[in-house]
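Below: the structure, in structure tokens.
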Amino acid sequence: MLATHHIEVNPKVYENYGEEELSNVIKHELCHYHLHLANLGYQHRDADFKQLAKRVGAPRFCQPLAPRKYSHKYQCERCATSYQRQRKIDTTRYRCGRCKGKINKIE
Ligand SMILES: [Zn+2]
Ligand SMILES: [Zn+2]
């Protein structure tokens, strides 16, 4: 956030891309902040940004985040509400949030 110079890193970056990509994203964000603080061109299209990004080995563009992959689908037996989760859930322990019905894995 340029107003506060706090760096916000989406935890999804780490989850989906791992440590190396996370450090690239941080480098990239630092380029924005550094240039902004120095009153230089801090936007992707600015020459200052391009040069600095190149110098520190940061990607020139913010990494677009891949959509989360939901590999597990569940459905309530009673009201047919479906749930998608990244991780497997224990269907004997979880109940439907809507009707407290039993949840079954459908995919
Ligand atoms: Zn950027
Ligand atoms: Zn239900």
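Positions are given from 1, in the same order as the sequence printed here.
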Quick one: does R60's side chain get under 4.5 Å of K50's, heavy atoms only? yes
With ring centroids as reference points, do F49 and H28 lie under 6.0 angstrom apart? yes
Can you find a pair of side-chain heavy atoms, one from D46 and one from L40, that are under 4.5 Å apart? no
Do H32 and H36 have a side chain donor and acceptor closer than 3.5 Å? no
When rounded to the nearest 0.5 angstrom, what distance separates CG in N24 from CD in E29? 11.5 Å
Might you point out which heavy atoms bring C99 and C79 nearest each other, and give the distance in Å? SG-SG, 3.8 Å
At their closest point, which heavy atom of K27 faces which heavy atom of G57, and how far apart are they? NZ-O, 4.1 Å
Consider only side-chain N and O atoms of N104 and Q75, and report whether a donor and an acceptor are under 3.5 Å apart. no
About how many Å separate OG1 of T91 and CD1 of I103, when rounded to the nearest 0.5 Å? 8.0 Å
Can you tell if the side chain of H72 reaches within under 4.5 Å of the side chain of K105, non-hydrogen atoms only? yes
Are more than 12 heavy atoms, taken from residues, nucleotides or ligands other than R95, located less than 6.0 Å from that residue's CZ atom? yes
Between C96 and Y83, is any pair of side-chain heavy atoms under 4.5 Å apart? yes
Side-chain heavy-atom pair Q43, R45 within 4.5 angstrom cut-off: yes
Which atom of R78 lies closest to which atom of K100, heavy atoms considered: NH2-O, 4.4 Å
Do Y74 and K88 have side chains that approach each other closer than 4.5 Å (heavy atoms only, starting at C-beta)? yes
What is the distance from atom CD1 of I26 to atom CG of L30, rounded to the nearest 0.5 Å? 7.5 Å
P59 and A53: which non-hydrogen atoms are nearest, and at how many Å? O-CB, 4.4 Å
Please find the pair of heavy atoms, one from V56 and one from C31, that lie closest to each other, and give the distance. CG2-SG, 3.7 Å
